[in-house]
Amino acid sequence: MARFCDFNVPYSENTENLRQIVEMAIKLGYESVALNCTVTPGTTKGQAVVPPPPKPVELSEATLAPFMVQGKAFQQLTRLTAIIETHEQKYKVNPNNSTITAYDILAVQPLNLKMFEAACKELEVDIISLDMTQKLPFFLRLTPIKRAIARGVHFEIVYAPAIRDSTLRRYVISNATDLMTFCKGKNIVLSSQAEKAIELRGPHDVANLGVLFGMNQAQAKDAVSINCRSALLHAETRGSAVGVISIERIMKQTPGVISVERIPSASTDKRALEKDSGEGQDREDPPGKKPKLVAKKKIK
């Protein structure tokens, strides 16, 4: 069964309004929400002004009863969205910052093409969010988007602004359709950005909105479930060491002798790999030619 998520519930000091939004999310069938703090990294004394993660919303036992009956737990996450416009602000989004690492999810909202490309290619973030409520100040490009998808970074589309105003609705649909042209439905997260409980929609209704944006039914459902969990997994593994697997092929050629041929790792240049292995050549190896042996060990 799909676990539906909403990873953009704007955090506010109005705790009563925030509680109503979270309770409505539970009633609509969401099992995870992320309280989102949006900041613009400042330069006060050279330090970014980032607030600590917000505390979870206190919920009554009656509200959580459906989860308790099923033996599940409602998940409240924290998310930081940094609005970046300059290189100085980009460098403030440092995953090694203890305050930033305290958040469960890290997102950025680039305001120009250079910051968008930097977010796609190099920044250690989980979600790239674009301001869908106005005409984008730059044209989207395929190369950085493909790079972001390959790195496991997700792109966010919010739908609540389209409910508030007809003008905003045109911008949201237009920008979301443009983004879908390049993403082809991959690594998309649909979130609410709801400022009031009445702006929330159920997961299946949100999936129908995804179809309006250009997704098929399966992609739209994944955008409120599987893709959200993938973004969370990316957040949990962000900054961890990358493992490298070295494969060795063992070939038994003569009695009592085992030859070991080392195979380059996946990161090895393709042309070098073809040169070493003899692939990609039209002619065949001369008859009787044996593979190059890099290690021999006699068996007693």
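Hydrogens, waters and symmetry mates are skipped; everything else that's a heavy atom, side chains included, is used.
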Atom pair [atom1]/[atom2] of [X] and [Y] - distance to nearest 0.5 Å:
X: Leu142; Y: Leu140; atom1: CG; atom2: CG; value: 10.5 Å
X: Lys221; Y: Ser225; atom1: NZ; atom2: OG; value: 6.5 Å
X: Ile83; Y: Gln89; atom1: CD1; atom2: CD; value: 9.0 Å
X: Asn227; Y: Cys5; atom1: CG; atom2: SG; value: 10.0 Å
X: Leu233; Y: Arg229; atom1: CG; atom2: CZ; value: 10.5 Å
X: Lys184; Y: Ile149; atom1: NZ; atom2: CD1; value: 10.5 Å

Can you find a pair of side-chain heavy atoms, one from [X] and one from [Y], that are under 4.5 Å apart?
X: Gln76; Y: Leu35; answer: yes
X: Ile145; Y: Cys183; answer: yes
X: Ile26; Y: Phe67; answer: yes
X: Met132; Y: Pro161; answer: no
X: Glu31; Y: Gln75; answer: no
X: Phe74; Y: Val22; answer: yes
X: Ser32; Y: Leu232; answer: no
X: Pro144; Y: Phe182; answer: no

- Message: Could you walk me through whether Tyr103 and Cys37 satisfy the side-chain contact (heavy atoms from CB on, under 4.5 Å) test, starting with their C-alpha distance in whole Å, then the side-chain angles of each, then the deciding distance to 0.1 Å, before giving a yes or no?
- Response: CA-CA 10 Å; Tyr103 285 84; Cys37 294; 4.0 Å; yes
- Message: Evaluate Asp131 against Thr133 for side-chain hydrogen bond (donor to acceptor under 3.5 Å, both in side chains), listing each step before the verdict.
- Response: CA-CA 6 Å; Asp131 187 359; Thr133 61; 2.6 Å; yes
- Name of the residue among His234, His154, Arg79 meeting side chain to side chain donor-acceptor pair (under 3.5 Å) with Asp126: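 Of all the options given, the one that passes is His234.
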- Residue pair Thr78, Ile105: steps toward the side-chain contact (heavy atoms from CB on, under 4.5 Å) verdict: CA-CA 6 Å; Thr78 56; Ile105 302 171; over 6 Å; no
- Query: Between Lys146 and Thr143, does a side-chain contact (heavy atoms from CB on, under 4.5 Å) hold up when you go through it step by step?
  - Reply: CA-CA 5 Å; Lys146 289 178 64 177; Thr143 301; 6.0 Å; no
Grab the two heavy atoms, one from [X] and one from [Y], that are nearest each other, plus how far apart they are.
X: Val224; Y: Pro203; result: CG2-O, 4.1 Å
X: Met115; Y: Thr86; result: SD-O, 3.4 Å
X: Leu111; Y: Pro137; result: O-CG, 3.2 Å
X: Thr99; Y: Pro51; result: CG2-O, 3.7 Å
X: Arg201; Y: Val206; result: O-CG2, 3.7 Å
X: Ala223; Y: Cys228; result: O-SG, 3.5 Å

Examine [X] and [Y] and state if one hydrophobic cluster contains both, with Ile, Leu, Val, Met, Phe, Trp and Tyr joined whenever side-chain heavy atoms are less than 4.5 Å apart.
X: Val108; Y: Leu179; answer: yes
X: Val57; Y: Leu77; answer: no
X: Val39; Y: Ile128; answer: yes
X: Val158; Y: Phe7; answer: no
X: Leu18; Y: Leu64; answer: yes

What I want to find out is whether [X] reaches [Y] closely enough, with some N-O distance under 4.0 Å, to be called a salt bridge.
X: Glu23; Y: Lys27; answer: no
X: Glu85; Y: Lys90; answer: no
X: Lys196; Y: Glu199; answer: no

- Task: Could you go through the salt bridge (Lys or Arg N to Asp or Glu O under 4.0 Å) check for Glu58 and Arg19 one step at a time?
- Result: CA-CA 7 Å; Glu58 295 184 3; Arg19 183 182 59 80; over 6 Å; no
- Take Ser60 and Thr63 through the test side-chain hydrogen bond (donor to acceptor under 3.5 Å, both in side chains) and record every step on the way to the result. CA-CA 5 Å; Ser60 64; Thr63 302; 2.9 Å; yes
- Are Glu195 and Arg164 close enough, and set up right, to give a salt bridge (Lys or Arg N to Asp or Glu O under 4.0 Å), and what steps lead you there? CA-CA 10 Å; Glu195 297 178 354; Arg164 301 187 198 118; 3.8 Å; yes
- Query: Is the distance between the ring centroids of Tyr30 and Phe4 under 6.0 Å?
  - Reply: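 No; Phe4 has its ring centre 6.0 Å or more from that of Tyr30.
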- Stepwise side-chain contact (heavy atoms from CB on, under 4.5 Å) check, Asn36 with Val9: CA-CA 6 Å; Asn36 182 28; Val9 175; over 6 Å; no
Output a table of donor-acceptor pairs, distance under 3.5 Å, between side-chain atoms of residues 209-216 and any protein atom two or more places apart or on a different chain; print 'none' if there are none.
residue: Asn216; atom: OD1; partner: Ala218; partner atom: N; Å: 3.2
residue: Asn216; atom: OD1; partner: Gln219; partner atom: N; Å: 2.7

- Query: Any sub-3.5 Å donor-acceptor pair from Ser174's side-chain atoms to Tyr171's backbone N or O?
  - Reply: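 No; judged by distance alone, with no hydrogens or angles, the pair does not exist.
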- Query: Around atom CD of Glu16, are there more than 12 heavy atoms of other residues, nucleotides or ligands at under 6.0 Å?
  - Reply: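 Yes, CD of Glu16 has more than 12 neighbouring heavy atoms, counting only those of other groups under 6.0 Å.
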Compile the donor-acceptor pairs under 3.5 Å between side chains in residues 185-194 and protein atoms, sequence neighbours left out, one pair per line.
residue: Asn187; atom: ND2; partner: Val153; partner atom: O; Å: 3.0
residue: Ser191; atom: OG; partner: Glu156; partner atom: OE2; Å: 2.9
residue: Ser192; atom: OG; partner: Asp6; partner atom: OD1; Å: 3.4
residue: Ser192; atom: OG; partner: Asp6; partner atom: OD2; Å: 2.6
residue: Ser192; atom: OG; partner: Asn8; partner atom: O; Å: 3.3
residue: Ser192; atom: OG; partner: Ala194; partner atom: N; Å: 3.3

- Item | Among Val125, Asn112, Thr40, Leu123, side-chain contact (heavy atoms from CB on, under 4.5 Å) partner for Ile84 |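 One option only clears the test, and that one is Leu123.
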- Should side-chain heavy atoms under 4.5 Å link Ile, Leu, Val, Met, Phe, Trp and Tyr, which residues sit in the same cluster as Ile226?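 Listed partners: none, Ile226 stands alone.
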